[in-house]
2 protein chains.
Amino acid sequence: MAKKVVPEAERRRRRPTRQGQVLSEALIVETALRMLHEHGSAGLTARRLGAALGTDPSTVYRYFAGLDGLTRAIGEELMGRALDTWRATGEWRADLRALGLAIHASYLAHPQAAVLTASRVTGRPREIEVDETILGILRGAGFPDVDAVAVYHAFIDLALAFAALDAGALALKDEARERDERMWNSTYARLPAATHPHIAATARLLAERMNRSAYPTVLETLLDGAAERLVGAGRLGG
Amino acid sequence: MAKKVVPEAERRRRRPTRQGQVLSEALIVETALRMLHEHGSAGLTARRLGAALGTDPSTVYRYFAGLDGLTRAIGEELMGRALDTWRATGEWRADLRALGLAIHASYLAHPQAAVLTASRVTGRPREIEVDETILGILRGAGFPDVDAVAVYHAFIDLALAFAALDAGALALKDEARERDERMWNSTYARLPAATHPHIAATARLLAERMNRSAYPTVLETLLDGAAERLVGAGRLGG
DNA sequence: GGCTTAATGTCTACGGCGTTGGCATAAGGG
DNA sequence: CCCTTATGCCAACGCCGTAGACATTAAGCC
């Protein structure tokens, strides 16, 4: 832990860096995102961040409790961006679908960052806002609380899990360019039918499909399941 | 990259370490897994591994192309273990369910290792074997190739994505003990109903549910969806 | 059994990392 | 205008992954 981290809200003095840069949490997060894009998911280092900000590396520790704290703030930022692009329509299925895709897309827009953050629960405001929103959609649609919580749990974990998985693939593609991308066209497509009949038989279909995300399909399946739960509950409840 | 990595199969000379240890890929992977358990997911370092093996750290590079190569071998090992605990029954739904749960369980048995490997596609033998198995189950059950591939894609990505997500939570719990675990009982349970009515209304249900994995539920939903796809295809095809 | 050769383990070193503690300084309140 | 202290800067610590040169010894051959 650094000496003491002053929360952004209580910050008064804004002493500029030797190079004239005035720091803030937002600026640091933004710069970190850019560095992740430029140098890959392992490229976020205090020293490089300092250089990019025109600052001594250790200054970052006045704003975040270590790089780990910065990482959590980045996750919070991505979640916030998802929420900002989303609009409610009142139709629960459409709203959930759009929100799920927005979260997924927001993380995939910064795959190198997503790799670091998507599987972490931060408990920060924007993340809580997303949770509240999802529960609101479900309870508003008439799901009994037990079902609303069950669907919420599946929904949010699905979104985050696929965000992390797909971001991993995408980040790898950017970093170790194409090595992985061609796996399905090279390694898998060349397996002999004698030892791997099923892969051999479907190689073309696999190559077509495996470079896309399974998330939209799985999400739709989940929504189907939820819809059935809803009519079931309706029958019982009223 | 190290100087040159000799594949395990072509290894002849087995010169023991100064401390009498005879090395092998298997021994190194096993030791790495133990170290991950003992020191957490960031605790796998060449130096520590060397110490645990009674070896100079750089020796590891004779067996793996860097720690990254070792990491991939660990992933392969976990996937192999999942396959080894699984038995086919001939009933596609039961077989898929069991295989999915086996993969998930195998990774969660070593959460710190799973965090490092679950979102990486290795293209190594046991991983390919799993893929072949899944496709075999689906095609054997009568799924047309297009559907088999679609369900396969959703199935394997779902298993890996949740393995990574849940392992992340579990590894965190072991390392930063309970800080995260109590999130749902502390942070979330204390949100005022005025600002977060839906979370407040369901706080008790959330606390109960959020510390378990959503994977079994989601997997079941996916299998439901697949079953409907199958009867649909049956109607069209025959 | 002795010789050769190259596989394997060991040593040393490089550049980079996160993080801390002490210090200088200038912003803002009075 | 002075005081306080938040804030930025500096130097240093103990890690890290990994490469290159070197030492040793097992295996293959006669």
Side-chain angles (χ1 to χ4, degrees), chain A residues 1-25 27-28 31-32 35-36 39-74 116 175-176, chain B residues 1-25 27-28 31-32 35-36 39-74 116 175-176:
Chain A
M1 194 86 81
K3 311 128 194 256
K4 198 168 94 181
V5 174
V6 178
E8 185 76 3
E10 299 168 18
R11 237 161 236 284
R12 271 173 244 280
R13 307 188 183 177
R14 311 227 79 127
R15 177 174 166 189
T17 271
R18 172 158 301 185
Q19 299 175 29
Q21 188 73 270
V22 175
L23 299 180
S24 67
E25 284 192 8
L27 177 64
I28 296 176
T31 307
M35 296 194 38
L36 283 166
H39 300 102
S41 57
L44 178 62
T45 74
R47 286 169 159 85
R48 254 212 280 252
L49 189 55
L53 285 166
T55 263
D56 185 89
S58 65
T59 309
V60 173
Y61 294 84
R62 298 263 186 223
Y63 289 81
F64 299 96
L67 287 198
D68 197 73
L70 171 56
T71 295
R72 265 176 283 130
I74 291 173
L116 301 181
E175 288 164 26
Chain B
M1 195 85 82
K3 310 124 194 262
K4 197 167 94 183
V5 175
V6 177
E8 186 75 3
E10 298 168 19
R11 237 160 236 283
R12 272 174 245 279
R13 307 187 185 178
R14 311 228 80 127
R15 175 175 164 189
T17 271
R18 172 158 301 184
Q19 299 176 29
Q21 189 73 270
V22 175
L23 300 179
S24 67
E25 284 192 7
L27 177 64
I28 297 177
T31 307
M35 296 193 39
L36 283 166
H39 300 102
S41 57
L44 177 61
T45 76
R47 286 169 160 83
R48 256 213 277 252
L49 189 54
L53 284 166
T55 264
D56 186 88
S58 65
T59 308
V60 173
Y61 294 87
R62 299 261 185 223
Y63 289 81
F64 299 95
L67 287 197
D68 196 73
L70 171 57
T71 294
R72 265 176 283 131
I74 292 172
L116 300 181
E175 287 164 27

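Being a predicted model, the structure only gives us computed values, none of them experimental. Labels below follow one simple rule: chain letters A, B, ... track the order of the sequence lines, proteins then strands, and each chain is numbered from 1.
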Of the nucleotides [options], which one has an atom closest to the side chain of [X]?
X: A:R62; options: D:dG8, D:dT18, D:dA21; value: D:dG8
X: A:R15; options: D:dT18, C:dT19, C:dT25; value: C:dT25
X: B:T45; options: D:dC16, C:dG18, C:dG9; value: D:dC16

Check: What are the two closest non-hydrogen atoms of B:G66 and B:Y61, and how far apart are they?
Finding: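 Taking every non-hydrogen atom into account, CA-CE2, 3.5 Å.
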
Check: Any idea which heavy atoms bring B:A73 and B:F64 closest together, and the distance?
Finding: CB-CE2, 3.6 Å

Inter-residue atom distance [X].[atom1] - [Y].[atom2], 0.5 Å rounding:
X: B:T45; Y: B:L67; atom1: OG1; atom2: CG; result: 7.5 Å
X: A:L70; Y: A:L116; atom1: CG; atom2: CG; result: 9.5 Å
X: B:R62; Y: B:D56; atom1: CZ; atom2: CG; result: 10.0 Å

Next item on the list: Please list, by residue number, the residues of residues 47-58 of chain B whose heavy atoms come closer than 4.0 Å to an atom of DNA chain D; answer none if no residue qualifies.
Entry: B:R47, B:S58

Next item on the list: Please work out if A:L44 contacts a base, only the sugar-phosphate, or nothing of the nucleic acid, heavy-atom cut-off 4.0 Å.
Entry: sugar-phosphate

Note to self: Under 4.0 Å, heavy atoms only, any strand: does B:T59 hit a base, just the sugar-phosphate, or nothing?
What the structure shows: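 Counting heavy atoms under 4.0 Å across all strands, the contact made by B:T59 includes a base.
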
[X] [atom1] to [N] [atom2]: how many Å, rounded?
X: B:L116; N: D:dG17; atom1: CG; atom2: P; result: 12 Å
X: A:L67; N: C:dT19; atom1: CG; atom2: C1'; result: 9 Å
X: B:D68; N: D:dT18; atom1: CG; atom2: P; result: 8 Å
X: A:Q19; N: D:dC9; atom1: CD; atom2: C1'; result: 12 Å
X: A:L23; N: D:dA6; atom1: CG; atom2: C1'; result: 13 Å
X: B:M35; N: D:dC16; atom1: CE; atom2: C1'; result: 13 Å

Next item on the list: Could you tell me which residues satisfy side chain to side chain contact (heavy atoms under 4.5 Å, CB included) with A:A52, sequence neighbours excluded, listed by chain and number?
Entry: A:T31, A:M35

Check: Does A:Y63 make a side-chain N or O approach to OP1 or OP2 of D:dG8 shorter than 4.0 Å?
Finding: yes

Margin query: Set out, in order, the CA-CA distance, both residues' side-chain angles and the distance that settles side chain to side chain contact (heavy atoms under 4.5 Å, CB included) for A:L23 and A:T59, then state yes or no.
Written below: CA-CA 9 Å; A:L23 299 180; A:T59 309; 3.5 Å; yes

